[in-house]
Amino acid sequence: MSELLIRGRVLTFIDEPKGIDDTASYLTVDDGAVLVRGGKIAAVGDYAEISKTAGAGVAVADHRPHLILPGLIDTHLHFPQTQAIASYGAQLLEWLNTYIFVEEQKFAEPEHAAFIAGRFMDELLANGTTTAVAYCSVHPQSVDAYFTAAEQRGMLMVGGKVMMDRNAPDALRDTPQKGYDETKRLIGKWHGRGRAQYAISPRFAITSTPEQMEMAQALVAEHRDCYVQTHLSENKDEIAFATSLYPDAKDYTDIYARYDLLTDKTLLGHCIYLSDREISVLAETGAVGVFCPTSNLFLGSGLFDRDRFDRLGARWSVATDVGAGTSFSMLETMDEAYKVLHLQGQRLSPLNSFYRMTLGNARALGLQDRIGSLHVGADADIVVLDSSGKSAMELRMRTAKSLTDELFILQTMGDDRCVSEVYVAGKAMKKRKATGAARALETA
Ligand code: GUN
Ligand code: ZN
């Protein structure tokens with residue numbers, strides 16, 4: 001079985017950091033190494049010790065002085081919106097109608113879906129993200145394109161076709177029965193195939209009739225091992241519209257609760273304007289509120305109240321939400337998360353940021369045994385970060401005194417230029433891309 005020894009400064013979380021200096025929450029090894037065998041992590045620790053347990057002549061990827069972390073995880077974004085990032089001027093509902101529902105129609109075309117899916121996966125990897133949870137378009141062929149591109153790269157990706165049967169253009173609407181049948185067939189085809197995981201995806205209450213919600217309810221009951229993803233309480237006009245469509249519901253959250261869509265496998269994008277009652281429902285059901293800072297600022301939606309989630313015991317994760325989100329980079333996302341919380345008098349420590357992008361998001365997905373930390377038996381999804389990836393960072397790093405200083409610099413100033421390498425199931429993906437480009441040049 002092939003072995004690879006990845007050498008550098010190892011950093012991995014064991015638990016959520018309780019404060020700025022909670023050294024018990026993580027493991028760090030200055031001259032560390034991760035031994036990869038057959039795509040999984042076989043050992044983690046001191047380079048000197050680990051190299052003894054490796055087979056003779058093992059290949060060594062020496063990344064010193066860079067940081068070796070688990071691959072980053074993004075818990076909410078939209079693959080068909082890759083070319084719609086930076087669409088000017090509108091808030092949520094106008095933005096959807098003006099830009100997004102036009103863009104997503106292109107995904108009826110399998111060639112277009114395949115092209116964007118490939119570029120989407122490469123963009124994630126270039127930013128150090130090895131697992132993401134994405135919405136595809138309403139077209140089943142977009143789901144095929146998405147999981148095919150993930151499979152070609154060996155990535156653990158979660159996704160699903162959006163279900164929409166109203167308040168969207170004809171070309172983007174399914175029906176309750178069609179949405180059910182297509183989702184069911186896609187689950188049969190993709191869920192659990194290799195590393196693929198399916199997410200049942202009614203887009204949001206505005207674009208699904210009660211009949212479609214009932215079909216989503218049936219799908220969730222029949223496929224307890226699939227994820228569920230939808231949007232909740234992102235924008236005030238959206239909330240007024242959604243609740244007007246479901247007059248019997250107590251509030252927006254109750255719409256989803258009535259159809260049994262809230263479980264510990266449910267990811268709810270945004271969750272900005274929830275009442276204490278609604279957050280308590282998330283806490284009771286285990287559903288996760290997904291904080292999407294660059295999107296919430298870009299669309300002028302509002303500020304996610306992390307402290308209230310923590311106080312009421314509800315789970316939350318972090319995500320880019322491309323293409324309302326403005327960057328594929330989880331580092332840039334945490335930079336904005338810091339600012340959104342700061343505006344509300346809340347603090348996000350650099351340790352907590354890095355926990356959130358890795359083990360925290362893995363826990364939100366219930367995948368902590370497989371991804372999100374560097375432990376023996378985990379999948380070898382790994383990112384190598386260069387804290388001096390930009391010249392201004394190199395200069396700033398000269399004054400850094402601690403690991404937390406360094407992490408804060410990375411999150412505040414960093415982007416894809418800081419991703420020195422990324423491994424998917426032990427395979428170096430930057431090298432793979434370079435080889436692909438070289439081959440393209442040769443054949444040109
Ligand atoms: N609510 C429903 N659909 C979407 C979407 O595509 N992006 C965002 N940000 N919110 C939504
Ligand atoms: Zn979204």
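As the structure is a computational prediction, the values presented were derived from the model and not from experiment. In listed order, ligands and their atoms are each counted from 1.
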Begin from the C-alpha positions of R363 and E16 and carry the test salt bridge (Lys or Arg N to Asp or Glu O under 4.0 Å) through to its verdict.
CA-CA 10 Å; R363 285 177 169 176; E16 177 168 7; 5.8 Å; no
Does this structure show an ion pair linking [X] with [Y], if we count only N-O contacts that are shorter than 4.0 Å?
{"X": "D181", "Y": "R185", "result": "no"}
{"X": "K189", "Y": "D144", "result": "yes"}
{"X": "D416", "Y": "K390", "result": "no"}
{"X": "R315", "Y": "D264", "result": "no"}
{"X": "E278", "Y": "K250", "result": "no"}
{"X": "D170", "Y": "R173", "result": "yes"}
{"X": "R370", "Y": "D381", "result": "no"}
{"X": "D310", "Y": "R306", "result": "yes"}

Side-chain donor-acceptor contact under 3.5 Å, Y256 with T230:
yes
Do D335 and Q411 meet the criterion of a side-chain donor-acceptor pair at a distance under 3.5 Å?
no
Quick one: does Q81 get a heavy atom under 4.0 Å from ligand 1?
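Right, Q81 reaches ligand 1.
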Closer than 4.0 angstrom: is that true for some heavy atom of Y135 and an atom of ligand 1?
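Distance cut 4.0 Å: Y135 fails for ligand 1.
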Just to confirm my output: which protein heavy-atom neighbour is closest to [atom], and how far is it?
{"atom": "atom 1 (N) of ligand 1", "answer": "H231 CG, 3.4 Å"}
{"atom": "atom 10 (N) of ligand 1", "answer": "E234 OE1, 2.7 Å"}
{"atom": "atom 3 (N) of ligand 1", "answer": "R203 NE, 2.8 Å"}

[X] heavy atoms, cut-off 4.0 Å: which ligand 1 atoms fall inside?
{"X": "L92", "value": "8 (C), 10 (N), 11 (C)"}
{"X": "W95", "value": "5 (C), 7 (N), 8 (C)"}
{"X": "A324", "value": "9 (N)"}
{"X": "F204", "value": "1 (N), 2 (C)"}
{"X": "D321", "value": "8 (C), 9 (N)"}
{"X": "H78", "value": "5 (C), 6 (O), 7 (N)"}

Output the distance between atom CE (M213) and atom OH (Y246), rounded to the nearest 0.5 Å.
4.0 Å
Within a distance under 2.8 Å of the Zn ion (ligand 2), the protein atoms of type N, O or S are H76 NE2, H78 NE2, H231 NE2, D321 OD1
Would you mind telling me if ligand 1 is within reach of the side chain of L96, the backbone, both or neither, using heavy atoms under 4.0 Å?
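The answer is the side chain.
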